[in-house]
Amino acid sequence: MISSIPKWVGNLFEGALRPNVKVVETSYISRRIKLVRFQGDIAKMDFQIGYANVIRVSETELRNYTAAHYDKNMGVLDILFHIHGNGVGSEYIDTLAVNDEVYISPPRGKRLFSPEIRQQVFFGDETSIGLACSALPILKKSKHQYHFFFELGDENRNVPHLLGIDNVTVFSKKETFRNEQWVSDLSIFKTLDRKQASFVLTGNVKSVQTFRKVLKEKTVGKIRAQGYWLEGKKGL
Ligand SMILES: Cc1cc2nc3c(=O)[nH]c(=O)nc-3n(C[C@H](O)[C@H](O)[C@H](O)COP(=O)(O)OP(=O)(O)OC[C@H]3O[C@@H](n4cnc5c(N)ncnc54)[C@H](O)[C@@H]3O)c2cc1C
């Protein structure tokens with residue numbers, strides 16, 4: 001996915017990348033998780049679980065974010081941002097205030113949800129909370145069995161609970177999703193019929209890779225994996 005564009009290309013497509021939504025509400029669920037509600041013409045947007053919207057965060061930089069919730073009748077779209085403090089996207093989003101105008105692309109990408117599978121397990125971090133919020137109403141409505149596992153900074157531990165996400169286990173980032181043995185010993189593998197389950201892995205690329213490796217060794221049902229960010233790398 002393109003994360004930066006040369007300035008001349010930006011100028012060429014200036015019309016296409018012009019702000020198309022307005023910020024109508026902002027709040028902080030924790031000091032580092034910001035919820036922003038955008039309003040605009042989203043009638044033609046195709047929202048699928050796992051798709052992301054690209055947001056223009058500077059003249060030349062674009063970043064991917066997931067719609068946590070949308071309402072086409074009201075023309076609103078909510079996104080949960082991890083304000084991690086290391087990047088142009090994070091800094092830009094932190095400054096966003098009511099009435100700011102922003103460019104958001106139509107959603108596209110990888111579908112991460114296989115509705116025919118009754119048991120659904122999600123692993124992720126702060127960047128995956130929006131995905132969880134987008135999937136939750138469908139999981140509830142269709143009476144899937146589901147569980148969310150998050151690795152979160154201590155200041156964000158309570159965020160899933162505050163957002164009404166149930167069936168959730170939160171680990172500290174100090175426990176490590178990057179340790180194969182630790183992942184392999186998780187109690188979920190003892191209680192779940194893993195051959196019948198769907199596993200959706202998102203968030204930190206290294207954690208996703210570790211989980212994927214362990215799951216492959218354990219022979220599980222379906223694995224859908226997409227790293228959302230990589231330490232030391234700008235814009236995935
Ligand atoms: C399909 C998809 C959906 C996504 N959905 C969301 C979403 O809903 N909400 C959300 O917050 N993010 C989401 N992300 C992740 C987001 O696009 C990245 O975190 C992105 O790198 C942020 O851009 P930035 O400009 O802040 O940092 P960058 O300029 O990309 O990176 C600068 C530095 O910050 C580090 N960094 C980047 N992200 C993080 C992080 N989360 N924590 C700690 N360090 C980080 C990088 O490793 C790098 O060293 C999604 C990504 C993808 C691919």
Side-chain angles (χ1 to χ4, degrees), residues 1-5 10 21 23 26-38 42 45-70 76-96 102-113 122-136 148 150-157 159-160 163 165 171-174 176-178 200-209 212 224-236:
M1 288 181 208
I2 295 176
S3 61
S4 63
I5 42 172
V21 294
V23 175
T26 71
S27 58
Y28 283 83
I29 311 296
S30 75
R31 197 167 56 83
R32 296 207 170 266
I33 302 286
K34 183 171 183 177
L35 174 63
V36 180
R37 171 161 287 189
F38 301 95
I42 60 164
M45 291 192 180
D46 175 25
F47 294 94
Q48 301 288 339
I49 293 170
Y51 276 12
N53 298 74
V54 162
I55 297 190
R56 188 178 191 183
V57 296
S58 78
E59 206 174 6
T60 56
E61 301 285 324
L62 304 161
R63 294 290 183 267
N64 284 291
Y65 297 100
T66 310
H69 166 80
Y70 67 92
V76 294
L77 166 62
D78 294 341
I79 298 184
L80 283 158
F81 296 96
H82 184 207
I83 310 298
H84 58 88
N86 294 323
V88 59
S90 163
E91 277 160 30
Y92 170 75
I93 300 296
D94 202 12
T95 65
L96 278 186
V102 177
Y103 169 76
I104 297 191
S105 79
R108 82 278 171 276
K110 232 178 173 176
R111 290 186 193 206
L112 295 177
F113 183 53
F122 292 77
F123 292 92
D125 66 6
E126 283 87 351
T127 61
S128 319
I129 298 175
L131 174 73
C133 289
S134 72
L136 191 61
F148 296 97
F150 291 111
E151 59 169 347
L152 299 176
D154 292 342
E155 70 276 25
N156 301 321
R157 279 196 79 84
V159 168
L163 292 168
I165 300 174
F171 295 101
S172 155
K173 284 189 172 165
K174 291 168 205 139
T176 172
F177 274 35
R178 282 165 288 284
V200 179
L201 321 175
T202 59
N204 182 314
V205 167
K206 289 206 175 127
S207 300
V208 168
Q209 285 170 342
R212 196 160 190 269
R224 304 260 184 174
Q226 186 173 21
Y228 278 2
W229 66 279
L230 174 63
E231 282 157 37
K233 169 109 174 50
K234 278 190 186 180
L236 268 193

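As the structure is a prediction and not an experimental result, all values here were calculated from the model. Whatever order the structure lists ligands and atoms in, that order sets their numbers, starting from 1.
- Residues satisfying the side-chain hydrogen bond (donor to acceptor under 3.5 Å, both in side chains) test with Arg212, not counting sequence neighbours, are none.
- Between Tyr70 and Phe47, the ring planes are parallel. Angles under 30° get that label, and only those over 60° would be called perpendicular.
- Atoms of ligand 1 lying under 4.0 Å from at least one heavy atom of Thr66, given by number and element, are 3 (C), 4 (C), 5 (N), 6 (C), 7 (C), 8 (O).
- Using a non-hydrogen distance threshold of 4.0 Å, Gly232 registers as a contact of ligand 1.
- Distances below 4.0 Å separate heavy atoms of His82 from the following atoms of ligand 1: 10 (C), 11 (O), 40 (C), 41 (N), 42 (N).
- Taking all heavy atoms of Tyr65, Trp229, Tyr51 into account, the minimum distance to atom 22 (C) of ligand 1 is reached by Tyr65.
- Against a heavy-atom cut-off of under 4.0 Å, Gly89 is close to the following atoms of ligand 1: 24 (P), 25 (O), 26 (O).
- Which of Lys110, Lys234, Lys233, Lys34 comes nearest to atom 46 (C) of ligand 1 through a heavy atom is settled by distance: it is Lys233.
- For the pair Leu230 and ligand 1, the shortest N or O to N or O distance falls below 3.5 Å.
- Less than 4.0 angstrom separates some heavy atom of Ala52 from each of these atoms of ligand 1: 1 (C), 2 (C), 3 (C).
- Residue Ser128 comes nearest to Thr202 through the heavy atom pair OG-OG1, 2.9 Å, listed as atom of the first residue, atom of the second, then distance.
- Contacts with ligand 1 closer than 4.0 Å are made by no heavy atom of Glu91, backbone or side chain.
- Each of Thr66, Thr127, Ile55 was scored for a side chain to side chain contact (heavy atoms under 4.5 Å, CB included) with Phe81, with one residue passing: Ile55.
- Ring geometry for His82 versus His84: interplanar angle of 30 to 60°, hence tilted.
- Less than 4.0 angstrom separates some heavy atom of Phe81 from each of these atoms of ligand 1: 11 (O).
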Does the pair Val200 and Phe148 meet the rule for a side chain to side chain contact (heavy atoms under 4.5 Å, CB included), with working shown?
CA-CA 10 Å; Val200 179; Phe148 296 97; over 6 Å; no

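- No side-chain donor-acceptor contact under 3.5 Å links Lys34 to the backbone of Ser90.
- Partners of Ser172 by side chain to side chain contact (heavy atoms under 4.5 Å, CB included), not counting sequence neighbours, listed by chain and number: Asp154, Arg157, Lys174, Glu175.
- The shortest N or O to N or O distance between Arg63 and ligand 1 is under 3.5 Å.
- Contact analysis leaves Glu126 out of contact with ligand 1, as no non-hydrogen atom separation drops below 4.0 angstrom.
- Considering backbone and side-chain atoms together, Gly50 places no N or O closer than 3.5 Å to any N or O of ligand 1.
- Annotation for ligand 1: atoms under 4.0 Å from non-hydrogen atoms of Glu231 are 47 (O).
- Those atoms of ligand 1 that come under 4.0 Å of a heavy atom in Ser90, given as number and element, are 24 (P), 26 (O).
- In this structure, Asn64 contributes its side chain and Val54 its backbone to no donor-acceptor pair below 3.5 Å.
- Annotation: the span from Asn53 atom CG to Leu62 atom CG amounts to 12.0 Å, rounded to 0.5 Å.
- Near Leu80, meaning under 4.0 Å from one of its heavy atoms, ligand 1 places the atoms 7 (C), 8 (O), 9 (N), 10 (C), 11 (O).
- Across Asn64, Thr202, Thr127, heavy-atom proximity to atom 16 (C) of ligand 1 is greatest for Asn64.
- For the atom pair CG (Leu80) and OG (Ser27), the distance works out to 8.5 Å, reported to the nearest 0.5 Å.
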